[in-house]
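Working notes, beginning with the structure itself.
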Amino acid sequence: MTSDRRLFLQFLAASPLLAAGAWAQQAAAPAGASDILTVMDFEEAARRVLSPAHWGYMASGVDDDGTVKRNREGFSRFQLRPRRLVDVSKVDLSVEVFGSTWATPIFLCPVGGHRMFHAEGELAVARAARAKNTIQVLSSASSTPVEDVAKALTTPPWYQLYMPNTWDGTERLVKRVEAVGCPVLVWTIDLLGGRNLETAERFRRTDKGDCTACHSTARGGRSIAELPMFKGLEAAMNPPGATWEYVDRLKKLTRMKLMLKGIETREDARLAREHGVDGIVVSNHGGRALDTNRSTIEALPDVLDGAGPGVPVFVDGGFRRGTDIFKALALGARAVGIGRPYVWGLSAFGQQGVERVLDILRAELQLTMRQCGAPAVKQITKSMVSAAV
Ligand SMILES: Cc1cc2nc3c(=O)[nH]c(=O)nc-3n(C[C@H](O)[C@H](O)[C@H](O)COP(=O)(O)O)c2cc1C
């Protein structure tokens with residue numbers, strides 16, 4: 001073992017980002033996805049198969065990674081208030097969103113570059129989403145074009161927009177996505193100011209692998225122009241000069257439903273409603289945009305207040321248990337997104353891993369609904385959760 005490798009392993013062991021699952025203490029790794037008991041155990045399974053650079057990119061946040069941790073800690077501020085003697089012999093987890101019915105209120109968040117995690121990348125995720133009747137939101141930074149994903153999913157995915165820096169580029173990208181038939185455009189607005197991926201860079205520096213099999217340089221990385229969805233467009237995205245006027249322009253440009261991802265305050269939720277957005281995703285990009293902000297579960301009530309009853313509010317960030325999902329639904333979220341958990345599943349076991357992650361969360365949510373006396377998602381009410389004082 002080289003001293004670099006040893007240093008890396010020491011760093012890994014000390015990192016609070018890498019709280020290993022229980023089975024990590026055991027000698028043998030699980031043979032298949034079905035052996036895994038909880039979503040968190042997939043984290044360790046993924047770490048074992050990913051290169052340090054890819055692992056670091058996925059696991060980390062920004063600055064001191066505080067918001068990554070805060071997203072998890074936020075759930076402990078809310079406690080369940082279970083009701084008894086309700087008939088829960090049948091439990092219905094289905095939800096209706098924008099006129100379509102889905103098996104559960106859990107959706108797959110946009111995550112860039114799935115082929116970094118598994119050779120079948122976005123296609124494996126699409127097949128899992130198809131098998132589980134789950135919303136897949138495809139990232140603008142995908143390693144597979146939207147046309148191919150739509151084929152694997154057998155229906156067009158929802159599409160996440162990283163806005164190109166010119167309006168001409170934006171029009172071309174949006175029209176391409178619309179031509180595929182994507183029903184919903186999710187514009188991510190929490191990276192317009194830039195970010196500091198410090199921990200990811202530390203991991204990258206410990207990675208001495210030769211990346212030329214997949215990348216154009218030995219040190220890896222990919223320019224925006226190399227992304228399949230940005231070919232032929234300009235090589236810059238997330239214009240820092242974007243304002244609410246851009247929301248109006250996007251609304252005029254497309255007939256797709258328009259959602260804003262990355263809203264964290266009631267003030268912005270109110271503006272989103274006033275500008276006619278069709279939905280909001282409360283998100284801090286999984287702690288990858290800004291550090292020391294609130295957890296998303298803590299920001300959710302604030303945003304719901306600003307959005308009012310007419311605008312569906314989704315949320316993501318740190319959801320790892322059925323009880324976490326239940327709390328967000330009880331506070332008023334329409335659906336709950338997962339990012340890293342399905343990427344862990346994908347990394348370790350491909351399509352089967354993504355399916356197993358969805359199955360575990362579904363089973364845990366179902367159990368929580370039973371135990372709290374809510375036989376249908378609509379029957380999960382605010383009174384079933386209380387906030388710590
Ligand atoms: C490796 C990685 C890549 C991501 N790429 C994107 C992206 O391309 N577009 C986007 O809107 N959000 C992206 N996100 C953020 C997710 O959509 C989501 O907000 C976040 O992962 C949810 O938190 P969780 O990972 O704790 O579940 C990414 C997250 C990760 C971990």
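Just so you know, residue 1 is the first one in the sequence shown, and it goes up from there. The figures here come from the full heavy-atom set of this structure, side chains too, leaving out hydrogens, waters and symmetry mates. For ligands, and for the atoms within them, numbers begin at 1 and follow the listed sequence.
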Margin query: Checking Phe42 against Tyr342 for the ring-ring contact (aromatic ring centres under 6.0 Å, His included) test, could you report, in this order, the C-alpha distance in whole Å, the side-chain angles of both residues, the deciding distance, and whether it holds?
Written below: CA-CA 9 Å; Phe42 275 99; Tyr342 83 85; over 10 Å; no
Item checked: Donor + acceptor pair across side chains of Thr67, Asn284 (<3.5 Å) -> no
Next item on the list: Among all protein heavy atoms, pick out the one at the shortest distance from atom 21 (O) of ligand 1; state its residue, atom name and that distance to 0.1 Å.
Entry: Gly339 CA, 3.6 Å
Note to self: Counting only heavy atoms not in Arg127 (residues, nucleotides, ligands), do more than 12 fall under 6.0 Å from its CZ?
What the structure shows: yes
Note to self: Are any of the N/O atoms on Arg288, whether in the backbone or the side chain, positioned under 3.5 angstrom from an N/O atom of ligand 1?
What the structure shows: no
Next item on the list: Taking only heavy atoms of Ser139 into account, list the atoms of ligand 1 that are under 4.0 Å away from them.
Entry: 7 (C), 8 (O)
Check: In terms of heavy-atom contacts, does CZ of Arg83 have more than 12 from other residues, nucleotides or ligands at under 6.0 Å?
Finding: no
Check: What do you reckon, does Tyr162 have a nitrogen or oxygen under 3.5 Å from a nitrogen or oxygen of ligand 1?
Finding: yes
Note to self: For atom 15 (C) of ligand 1, what is the closest protein heavy atom, and at what distance to 0.1 Å?
What the structure shows: His285 CD2, 3.5 Å
Margin query: Assess, by modelled atom type and distance only, whether the side chains of Asp210 and Thr212 contain a donor and an acceptor separated by less than 3.5 Å.
Written below: yes
Checklist line | Where ligand 1 meets Arg340 - atom numbers and elements under 4.0 angstrom, heavy-atom basis | finding: 24 (P), 25 (O), 26 (O), 27 (O), 31 (C)
Note to self: Would Gly337 count as a polar contact of ligand 1, with the cut-off being nitrogen or oxygen pairs under 3.5 Å?
What the structure shows: no
Next item on the list: Please report which non-hydrogen protein atom sits nearest to atom 28 (C) of ligand 1, along with the residue it belongs to and the distance in Å to one decimal place.
Entry: Pro110 O, 3.8 Å
Next item on the list: Consider ligand 1: state whether an atom of it lies below 4.0 angstrom from any non-hydrogen atom of Arg72.
Entry: no
Checklist line | Thr188 neighbourhood, listing ligand 1 atoms whose heavy-atom distance to it stays under 4.0 Å | finding: 10 (C), 11 (O)
Check: Got the closest protein heavy atom to atom 5 (N) of ligand 1, with its distance?
Finding: Gly112 N, 3.1 Å
Note to self: Side chain, backbone, both or neither: which applies to Gln160 and ligand 1 if a contact is any heavy-atom pair less than 4.0 Å apart?
What the structure shows: side chain
Margin query: Looking at Tyr57, I'd like to know if the NZ or CZ of Arg288 sits under 6.0 Å from its six-membered ring centre while staying within 45 degrees of the ring's axis.
Written below: yes
Next item on the list: Can you measure from NZ (Lys261) to OG (Ser283) and round to the nearest 0.5 angstrom?
Entry: 4.0 Å
Note to self: Has Asp65 got a side-chain atom pairing as donor or acceptor with Gly61's backbone, closer than 3.5 angstrom?
What the structure shows: yes
Check: More than 12 non-hydrogen atoms from neighbouring residues, nucleotides or ligands closer than 6.0 Å to NZ on Lys378, yes or no?
Finding: no
Notebook entry, point to check: Where is the nearest protein heavy atom to atom 12 (N) of ligand 1: which residue, which atom, and how far?
Noted result: Lys261 NZ, 3.0 Å
Next item on the list: Could you tell me which atoms of ligand 1, counted from 1 in the order shown, lie closer than 4.0 angstrom to a heavy atom of Cys109?
Entry: 16 (C), 17 (O), 18 (C)
Next item on the list: Go through ligand 1 atom by atom and flag the ones less than 4.0 Å from a non-hydrogen atom of Gly318.
Entry: 23 (O), 24 (P), 26 (O), 27 (O)
Check: In this structure, are over 12 heavy atoms from other groups packed under 6.0 Å from Arg370 atom CZ?
Finding: yes
Notebook entry, point to check: For the side chain of Asp278 and the backbone of Lys257, is there at least one donor-acceptor N/O pair under 3.5 Å apart?
Noted result: no
Next item on the list: Using a strict 4.0 Å cut-off to heavy atoms of Ser283, name the atoms of ligand 1 that fall inside it.
Entry: 19 (O)
Margin query: Considering non-hydrogen atoms of the protein only, which is the closest contact for atom 3 (C) of ligand 1, and what is the distance?
Written below: Val111 CG1, 3.5 Å
Next item on the list: May I ask you to identify the nearest protein heavy atom to atom 18 (C) of ligand 1, giving residue, atom name and distance to one decimal place in Å?
Entry: Asp316 OD2, 3.5 Å
Notebook entry, point to check: Is the closest side-chain donor-acceptor distance between Thr154 and Arg130 under 3.5 Å?
Noted result: yes
Next item on the list: Output the list of atoms in ligand 1 that are nearer than 4.0 Å to some heavy atom of Pro341, sorted by atom number.
Entry: 27 (O)
